[in-house]
Amino acid sequence: MDFDYDDQNIFAKILRGEIPNRTVYENDYALAFEDIAPQAPVHVLVIPKGAYVSLDHFALEASADEQVGFMQAIAEVCKIADLKDGFRGISNTRAHGLQEVPHYHMHILGGRPLGPILVD
Ligand code: AMP
């Protein structure tokens, strides 16, 4: 499978500082920021700083340091947002997942009971 990365996507622009964001946490490998259209009281997007289009692309091709750094950012977001009652991590992927932005991102949603995982 080819993973073609479009460096004009909006999260690439955020990483380059061309578009502002409300940063929650940042490390060498990942940036976490508030979703512009929150679907829950906590709605944070965690993105790798590397050029990966999707979860499967990241899992296949990111280095161990990138993968650990990304997971560490998720853990820090959970602490910062005080998600001790739970949360949901969602990574929409390609057409069937209704992915809008072609830069890998993990939605971290919480702050209230979230309902069933899938609603048609
Ligand atoms: P997805 O459908 O998983 O690709 O979701 C993309 C997410 O990016 C949506 O929840 C949008 O609200 C969010 N989004 C789009 N543009 C921005 C932006 N400039 N800053 C923060 N979040 C954004």
Side-chain angles (χ1 to χ4, degrees):
M1 164 128 185
D2 280 341
F3 296 105
D4 287 330
Y5 184 81
D6 171 11
D7 69 4
Q8 293 307 304
N9 78 76
I10 198 148
F11 294 169
K13 291 179 180 177
I14 285 176
L15 286 169
R16 290 194 295 266
E18 295 167 12
I19 290 177
N21 74 93
R22 296 181 67 174
T23 298
V24 174
Y25 177 78
E26 182 172 12
N27 64 24
D28 287 347
Y29 301 102
L31 175 69
F33 54 96
E34 293 179 9
D35 195 292
I36 205 167
Q39 303 297 307
V42 174
H43 189 170
V44 176
L45 301 171
V46 185
I47 69 173
K49 291 188 173 177
Y52 301 100
V53 294
S54 59
L55 170 58
D56 50 350
H57 185 201
F58 185 75
L60 277 168
E61 296 189 5
S63 69
D65 283 349
E66 288 177 300
Q67 300 208 28
V68 169
F70 184 80
M71 286 298 170
Q72 188 181 51
I74 290 177
E76 291 299 327
V77 167
C78 292
K79 275 196 264 179
I80 292 164
D82 193 22
L83 291 174
K84 59 182 176 303
D85 289 333
F87 66 95
R88 186 169 290 153
I90 297 175
S91 187
N92 298 320
T93 304
R94 296 191 287 284
H96 283 188
L98 298 183
Q99 181 176 5
E100 292 171 13
V101 179
H103 180 111
Y104 171 44
H105 50 284
M106 182 70 73
H107 297 255
I108 302 294
L109 295 143
R112 65 166 168 79
L114 294 167
I117 188 169
L118 289 176
V119 180
D120 284 328

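All ligand and atom numbering here is 1-based and tracks the order in the structure. When reading the values below, keep in mind they use all heavy atoms of this one structure, side chains included, and skip hydrogens, waters and symmetry mates.
- Phe11 has its ring centre no less than 6.0 Å from the ring centre of Tyr104.
- You'll find the ring centres of Tyr52 and Phe3 outside the 6.0 Å limit.
- In this structure, Leu109 belongs to a hydrophobic cluster whose other members, linked by side-chain heavy atoms under 4.5 Å apart, are Ile90, Leu114.
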Pick out the protein N or O atoms lying less than 3.5 Å from any N or O of ligand 1, and list each pair with its distance.
residue: ligand 1; atom: 2 (O); partner: Leu98; partner atom: O; Å: 3.2
residue: ligand 1; atom: 2 (O); partner: Glu100; partner atom: N; Å: 3.2
residue: ligand 1; atom: 3 (O); partner: Asn92; partner atom: ND2; Å: 2.9
residue: ligand 1; atom: 3 (O); partner: His105; partner atom: NE2; Å: 2.8
residue: ligand 1; atom: 3 (O); partner: His107; partner atom: NE2; Å: 2.8
residue: ligand 1; atom: 4 (O); partner: Glu100; partner atom: N; Å: 2.7
residue: ligand 1; atom: 4 (O); partner: Val101; partner atom: N; Å: 2.9
residue: ligand 1; atom: 4 (O); partner: His105; partner atom: NE2; Å: 2.9
residue: ligand 1; atom: 5 (O); partner: His105; partner atom: NE2; Å: 3.4
residue: ligand 1; atom: 5 (O); partner: His107; partner atom: NE2; Å: 3.4
residue: ligand 1; atom: 10 (O); partner: Asp35; partner atom: OD1; Å: 3.3
residue: ligand 1; atom: 10 (O); partner: Asp35; partner atom: OD2; Å: 2.6
residue: ligand 1; atom: 12 (O); partner: Asp35; partner atom: OD1; Å: 2.6
residue: ligand 1; atom: 22 (N); partner: Ile36; partner atom: N; Å: 3.1

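- Contact detail for Val24 and Ile80: the closest heavy-atom pair is O-CD1, 3.6 Å.
- Follow the hydrophobic side-chain contacts under 4.5 Å out from Ile74 and you never reach Val68; the two are in separate clusters.
- His57 and Tyr5 share no donor-acceptor pair across their side chains, judged by distance under 3.5 Å alone.
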